[in-house]
Amino acid sequence: KDVELKAPKVDIAERISLGLQPSAEIQKFRTPWQNVASDLNRCDLVFTCLDGFDERRQIEAQARRYLIPMIDIG
């Protein structure tokens, strides 16, 4: 159904995450991660939906630098 509706991956991830942990505080960013790097640095967990290998490498390095666990479903 999500594919038929062309639902953004970030919306799907939010729905699934809230289904698992309804009290989770979720911030969604539909912009290049570099535009919100300071916001990401304050997160407890970074969940990415990136398609490019270089982008994944960059955000993984950022998350590691700030000791933030990261899940990628690109």
Taking the side chain as everything from C-beta on, heavy atoms only, tell me whether [X] gets closer than 4.5 Å to [Y].
X	Y	answer
Leu40	Ile68	no
Phe29	Asp39	yes
Leu45	Met70	no
Val46	Ile71	no
Ile12	Glu14	no
Glu55	Trp33	yes
Asp11	Arg15	no

Could you please spell out the steps behind the side chain to side chain contact (heavy atoms under 4.5 Å, CB included) verdict for Ile26 and Lys28? CA-CA 6 Å; Ile26 297 175; Lys28 295 186 303 185; 4.2 Å; yes
Given Arg64, Gln58, Glu60, Arg65, the one that forms side-chain contact (heavy atoms from CB on, under 4.5 Å) with Gln62: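 With Gln62 as partner, side-chain contact (heavy atoms from CB on, under 4.5 Å) holds for just one option, Arg65.
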For Asp2, is there an ion pair with Lys9 - N to carboxylate O distance below 4.0 angstrom?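 Salt bridge absent between Lys9 and Asp2.
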Does Asp44 CG have over 12 foreign heavy atoms under 6.0 Å away?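 Check fails, neighbour count at 12 or below.
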Donor-acceptor pair, side chain of Arg30 and main chain of Val10, under 3.5 angstrom: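 No: the side chain of Arg30 does not pair with the backbone of Val10.
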Just verifying a value: how many Å separate Glu25 CD and Leu18 CG, rounded to the nearest 0.5 Å?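 With rounding to 0.5 Å, CD (Glu25) is 11.0 Å from CG (Leu18).
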Let me confirm one number: the OG1-CD1 distance from Thr48 to Ile59, rounded to the nearest 0.5 Å.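 That separation rounds to 5.5 Å.
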